[in-house]
Amino acid sequence: MSEYKTDIQIAREANKKTIQEIGAKLDISPEHLLPYGHDKAKISAEYIQSVQGNKNGKLILVTAINPTPAGEGKTTTTVGLGDGLNRIGKKAAICIREASLGPNFGMKGGAAGGGYAQVIPMEDMNLHFTGDFHAITSAHNLLAAMIDNHIYWGNELEIDTRRIVWKRVVDMNDRALRMINVSLGGVANGFPREGGFDITVASEVMAILCLSKDIKDLEKRLGDMIVAYRRDKTPVFCRDLKADGAMTVLLKDAIQPNLVQTLENNPAFVHGGPFANIAHGCNSVVATTTALKIADYVVTEAGFGADLGAEKFMNIKCRKAGIAPDAVVLVATVRAMKMNGGVAKADLGDENVDAVNNGCSNLGRHISNLKSFGVPVVVAINHFVTDTEAEVQAVKDYVAKQGSEAILCKHWAHGSAGVEELAHKVVQMADSGMANFAPLYPDEMPLFQKIETIAKRIYHADEVLADKSVREQLKTWEEQGYGHLPVCMAKTQYSFSTDPNLRGAPTGHSVPIREVRLSAGAGFVVVVCGQIMTMPGLPRKPSAEIIRFNDDGVIEGLF
């Protein structure tokens with residue numbers, strides 16, 4: 001495989017256009033672009049407001065099967081499809097999330113696509129970009145500091161220090177910070193208590209930024225956040241500490257969507273970045289709704305497999321933003337089918353049609369799950385050079401039996417030229433009016449029943465296991481007026497079940513709930529299932545060990 005260039009080599013050789021030229025493709029005039037260098041810009045709030053009367057374009061969601069170490073290429077397919085739609089003469093834009101530094105320096109790598117279907121500038125996007133994550137980190141930790149400061153100066157709000165639910169955050173994988181003791185060292189440093197850190201992408205501030213319609217909505221949602229409880233278990237809100245105003249000021253630039261470009265100089269909105277296994281896994285509502293007002297086709301992605309990202313896109317983002325997908329692209333690879341069929345990673349290069357067939361059950365379940373939302377589905381087979389014709393045909397035949405179509409896509413190697421067939425199919429589906437979208441459950445359904453609905457209909461579990469304390473907590477929130485909120489399931493991305501090693505399409509399993517958390521500002525209830533972590537750790541050999549400047553002063557080692 002050494003004859004293939006790395007993603008960063010390809011990105012560095014790109015023929016970039018100025019961000020003003022990219023904005024012009026969507027009729028955004030230069031005064032509404034706030035440039036960060038020559039190739040990145042934020043879009044002004046005034047411009048976003050000015051296009052609200054426009055008709056919406058068509059929304060295409062890209063999702064995937066459960067991720068495997070073989071790789072699926074969801075972002076790569078999102079970028080490739082956006083380029084493909086422009087190639088066949090459509091006015092299209094893509095909307096993806098920003099990359100977290102934690103996975104970049106850990107194991108997962110970046111979030112800008114790959115091969116000849118990438119968003120650039122790749123180095124900037126996978127490092128500090130326009131500083132949005134730093135702003136979110138700062139706003140979050142300002143609130144944390146104000147909580148401890150309030151307690152230090154007399155605790156007028158009568159916060160029970162045992163019931164502070166607001167942790168601190170940092171945008172790095174650091175297992176040592178999961179549980180810590182704070183305020184040690186005597187009277188001058190406050191009252192000692194247990195605390196901890198989550199990764200920034202798990203912050204409720206991140207979720208709020210991605211679900212807010214504008215700066216006023218952002219401020220209101222920040223004020224609605226519950227940070228602690230009193231001894232009588234009544235909630236203490238962010239606005240009670242008077243932190244919401246200052247937090248909003250810190251986020252004034254971060255809420256504005258970022259505009260960059262693909263390798264083929266097509267517009268890409270890159271904004272927000274909640275993880276899909278511990279948060280709702282979609283880019284910002286502001287970016288998506290703005291793109292829909294100025295492009296005829298908008299391609300967006302939802303994180304991890306369709307059981308997580310797509311489910312949350314449908315049940316949380318679409319519900320909150322008043323949008324609906326016109327078509328869904330489900331990404332799969334022959335290699336991943338073989339892994340689901342029991343083949344070891346080292347043997348994936350060998351033809352094994354039987355293993356492909358055995359592994360297709362995971363794909364089949366995702367197809368039927370997505371169709372249950374009332375949306376048409378096409379499967380994109382993200383091509384690898386080791387795939388054989390017989391293996392590809394096996395996937396196509398299987399998908400045809402599920403009542404959908406699978407299309408071989410070669411965007412990684414050939415850019416938009418390798419994805420034209422999929423682009424035509426997506427246009428046909430989106431323009432057909434076939435979509436009759438409906439979320440999986442109504443607002444008024446009780447919270448525990450919402451959890452059961454997802455567990456049984458999406459994960460195909462037999463039951464949900466929850467302690468009496470969890471059930472009572474959900475009931476209390478319903479009594480407090482939060483029963484109408486959707487639920488955000490925090491579980492492993494690797495399986496339909498809560499066991500990451502259970503591949504394929506398992507049935508007969510249970511979904512154990514470890515705890516539930518109320519994100520009153522974001523507007524959902526987080527349901528923590530199994531052994532999910534909101535602060536990852538670095539692997540034995542983190543990517544950070546190989547990221548460096550080479551002798552030419554150029555960054556290498558980024559994915």
Side-chain angles (χ1 to χ4, degrees), residues 62-77 107-108 276-277 301-311 328-372 377-409 412 455 457-461 489 491-509 511 529-530 532:
V62 177
T63 183
I65 60 168
N66 291 93
T68 68
E72 281 64 59
K74 185 162 32 59
T75 307
T76 310
T77 304
M107 185 167 61
K108 181 176 175 285
N277 56 348
E301 68 166 357
F304 292 128
D307 57 317
L308 283 170
E311 181 270 307
V328 178
V329 177
L330 178 60
V331 180
T333 61
V334 166
R335 290 160 58 86
M337 294 300 98
K338 286 196 273 196
M339 276 205 104
N340 270 297
V343 174
K345 189 177 179 183
D347 301 324
L348 289 175
D350 302 331
E351 181 175 273
N352 192 331
V353 176
D354 287 343
V356 171
N357 286 322
N358 291 338
C360 274
S361 59
N362 186 271
L363 174 62
R365 176 168 295 174
H366 284 299
I367 293 170
S368 63
N369 281 352
L370 289 166
K371 285 182 175 178
S372 71
V377 182
V378 61
V379 173
I381 306 173
N382 184 19
H383 181 256
F384 279 71
V385 290
T386 52
D387 299 346
T388 68
E389 282 187 30
E391 289 172 331
V392 170
Q393 193 59 47
V395 178
K396 287 185 173 182
D397 291 345
Y398 177 85
V399 172
K401 286 177 191 159
Q402 310 301 308
S404 288
E405 183 181 352
I407 295 172
L408 187 64
C409 302
W412 184 86
R457 290 187 57 185
I458 300 297
Y459 309 156
H460 292 243
M489 306 294 282
K491 79 162 185 75
T492 178
Q493 64 268 34
Y494 297 112
S495 172
F496 277 108
S497 73
T498 56
D499 177 357
N501 300 310
L502 210 53
R503 296 203 185 280
T507 54
H509 57 96
V511 175
C529 307
I532 196 73

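Residue numbers start at 1 and run along the sequence shown. Treat the numbers as computed from the prediction; the structure is a model and nothing was measured.
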Counting distance only, does the side-chain N/O of [X] pair as donor-acceptor with the main-chain N or O of [Y] below 3.5 Å?
| X | Y | result |
| --- | --- | --- |
| K371 | G403 | yes |
| D387 | F384 | yes |
| H460 | F496 | no |

To the nearest 0.5 Å, tell me how far [X] [atom1] sits from [Y] [atom2].
| X | Y | atom1 | atom2 | answer |
| --- | --- | --- | --- | --- |
| S361 | H366 | OG | NE2 | 9.5 Å |
| R457 | S368 | CZ | OG | 10.5 Å |
| N362 | M339 | CG | CE | 12.5 Å |
| E311 | I458 | CD | CD1 | 6.0 Å |
| N277 | Q493 | CG | CD | 4.5 Å |
| Y494 | L308 | OH | CG | 11.5 Å |

Residue pairs passing the salt bridge (charged side-chain N to carboxylate O under 4.0 Å, His left out) test where at least one lies in residues 390-407, sequence neighbours excluded: K338-E391, E405-K425

Side-chain donor-acceptor pairs under 3.5 Å in residues 499-507, sequence neighbours left out?
residue : atom : partner : partner atom : Å
D499    : OD1  : N501    : N            : 2.9

Stepwise side chain to side chain contact (heavy atoms under 4.5 Å, CB included) check, T386 with L348: CA-CA 8 Å; T386 52; L348 289 175; over 6 Å; no

Exercise: identify the closest heavy-atom pair between [X] and [Y]:
| X | Y | value |
| --- | --- | --- |
| T333 | N382 | CG2-O, 3.6 Å |
| V511 | A455 | CG2-CB, 3.9 Å |
| M337 | A332 | CE-CB, 4.2 Å |
| A336 | E72 | CB-OE2, 3.2 Å |
| P67 | F304 | CG-CD2, 3.9 Å |
| V353 | A394 | CG1-CB, 4.0 Å |

Check: N66/D307 side-chain N/O donor and acceptor closer than 3.5 Å: yes

